[in-house]
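One-based numbering along the sequence shown. Counting starts at 1 for both ligands and their atoms, following the listed order.
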Amino acid sequence: MTDHIVAGAQKHLTGIPLSVISQGAEALVFKTNVHPYLTSPSLANKEAFIIKYRPPKPYRHPKIDASITKNRTIGEVRFMSKLQKLGVNAPAVILADLDNGIIWMEYLGTELPNGDVSSFKNHLWYLERNKEPSFCTDDDVKLLCQEVGKLIGKLHLNDMIHGDLTSSNILLQDGQPLLIDFGLSSYSGMPEDKAVDLYVLERAIDSTHSVYAKQYNEWMLEGYEQIHMDKEYGKQGTKKFVEVSRKLDDVRLRGRKRSMLG
Ligand SMILES: Nc1ncnc2c1ncn2[C@@H]1O[C@H](COP(=O)(O)OP(=O)(O)O)[C@@H](O)[C@H]1O
Ligand SMILES: [Mg+2]
């Protein structure tokens with residue numbers, strides 16, 4: 001199954017070595033050591049790059065499929081460029097082939113000592129496994145969760161919604177969190193949309209780090225609040241935080257009601 005998709009990608013990427021690092025519902029993600037156009041010796045075989053490929057979906061009408069692929073690719077590239085401009089940590093786009101659903105981007109994230117991808121999820125698991133049970137009071141973890149909250153706060157203060165916030169879509173590079181995976185991202189100033197973004201992450205943390213989830217989520221919201229209180233955003237920041245946090249209570253309540261109904 002994957003072989004045939006890899007062959008499809010390879011058709012548009014002749015001579016580029018591709019190793020699959022992830023296969024999702026929408027895209028195949030490759031790691032490569034080749035830059036699309038630079039050939040300087042410092043780059044050759046040293047640096048790593050990511051190629052995200054959205055293959056054609058056989059169950060969609062070809063014309064509709066081509067237009068969906070193109071739009072999602074444009075959307076993701078545009079969102080990423082905007083993040084770059086705003087200084088919100090995320091990979092830089094290097095090149096995009098919009099018609100073929102290909103995005104070539106920077107490879108980010110420092111691997112964990114055990115070789116795992118340094119996602120926020122793996123990082124927390126790693127700490128949970130390798131530290132004392134009392135580690136939850138550890139300042140490093142607290143700071144990290146707060147940094148994640150600040151990162152999301154920055155995104156929301158610019159009226160940008162991630163749309164798929166999970167602890168796998170947050171990577172860590174040199175101890176600093178960064179965002180990836182903008183296939184479902186959008187723009188909105190509505191507190192409700194921001195609250196849903198936060199709620200999705202809260203639930204993701206609940207399900208992957210049940211023991212410490214409550215603490216992690218609290219720290220994250222602290223960071224989210226802190227960035228809103230930053231002088232740079234003035235009174236608007238405070239107002240926005242209050243609105244989102246009020247909405248978050250509503251969204252949580254709705255979520256609980258829904259889960260009670262089964
Ligand atoms: N720029 C990047 N640098 C390093 N790893 C990445 C990068 N982009 C994606 N990945 C890896 O590939 C995985 C899948 O990519 P993602 O964009 O999240 O696609 P999907 O929509 O399939 O989840 C990520 O969880 C991460 O491990
Ligand atoms: Mg993802």
**Message:** Under 4.5 Å between side-chain heavy atoms, counting indirect links through other Ile/Leu/Val/Met/Phe/Trp/Tyr residues: same cluster for Ile103 and Ile50 or not?
**Reply:** yes
**Message:** Is the shortest side-chain heavy-atom distance between Ile16 and Trp104 below 4.5 Å?
**Reply:** yes
**Item:** Note, Lys154 side chain near Leu86 side chain (heavy atom, < 4.5 Å)
**Value:** no
Students should be able to answer this: which protein heavy-atom is nearest to [atom], and at what distance?
| atom | answer |
| --- | --- |
| atom 1 (N) of ligand 1 | Glu106 O, 2.9 Å |
| atom 12 (O) of ligand 1 | Val29 CG1, 3.5 Å |
| atom 7 (C) of ligand 1 | Ile50 CG1, 3.6 Å |
| atom 27 (O) of ligand 1 | Val117 CG1, 3.6 Å |
| atom 3 (N) of ligand 1 | Leu108 N, 3.0 Å |
| atom 17 (O) of ligand 1 | Lys52 NZ, 2.8 Å |
| atom 11 (C) of ligand 1 | Ile21 CD1, 3.8 Å |
| atom 14 (C) of ligand 1 | Ser22 OG, 3.2 Å |

**Item:** Which N, O or S atom of Asp181 lies nearest to the Mg ion (ligand 2), by name
**Value:** OD2
Can you name the atoms of ligand 1, numbered from 1 with element, that are less than 4.0 Å from a heavy atom of [X]?
| X | value |
| --- | --- |
| Met105 | 1 (N) |
| Tyr107 | 3 (N), 4 (C) |
| Asn169 | 18 (O) |
| Gly24 | 22 (O) |
| Pro91 | 1 (N) |

Would the distance check show the side chain of [X] and the main-chain N or O of [Y] forming a donor-acceptor pair, the cut-off being under 3.5 Å?
| X | Y | value |
| --- | --- | --- |
| Asp65 | Arg60 | no |
| Asn169 | Leu165 | no |
| Asn158 | Met160 | no |

**Item:** For atom 16 (P) of ligand 1, the option (of Ile170, Val93, Asp181, Ile51) bearing the nearest heavy atom
**Value:**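 That would be Asp181.
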**Prompt:** With respect to atom 26 (C) of ligand 1, which of Asp164, Ile180, Leu178 exhibits the smallest heavy-atom separation?
**Reply:** Ile180
**Heteroatom test (N, O or S) for Ser22 near the Mg ion (ligand 2), limit 2.8 Å** =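 Of the N, O and S atoms in Ser22, none lies under 2.8 Å from the Mg ion (ligand 2), which means no.
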**Request:** Examine all N, O or S atoms of Asp164, backbone included, and report whether one is under 2.8 Å from the Mg ion (ligand 2).
**Result:**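 It does not; every qualifying atom lies at 2.8 Å or beyond.
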**Request:** Step by step, work out the salt bridge (Lys or Arg N to Asp or Glu O under 4.0 Å) result for Arg252 and Asp249.
**Result:** CA-CA 5 Å; Arg252 281 183 188 136; Asp249 289 337; 3.2 Å; yes
**Item:** Salt bridge present between Glu218 and Lys214 (N-O < 4.0 angstrom)
**Value:**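 A salt bridge is present here (some side-chain N lies under 4.0 Å from a carboxylate O).
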**Prompt:** In terms of side-chain geometry, is the basic nitrogen of Glu243 or Lys247 positioned less than 4.0 Å from the acidic oxygen of its partner?
**Reply:** no
**Item:** Separation of Leu28 CG from Lys52 NZ (nearest 0.5 Å)
**Value:**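 The NZ atom of Lys52 sits 11.0 Å away from the CG atom of Leu28.
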**Item:** Heavy atoms of other groups near Arg203 CZ, more than 12 under 6.0 Å
**Value:**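 No, CZ of Arg203 has 12 or fewer neighbouring heavy atoms, counting only those of other groups under 6.0 Å.
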**Prompt:** So, for His35 and Phe49, is the gap between ring centers shorter than 6.0 Å?
**Reply:** yes
**Any N/O pair Gln23/ligand 1 closer than 3.5 Å** =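 No.
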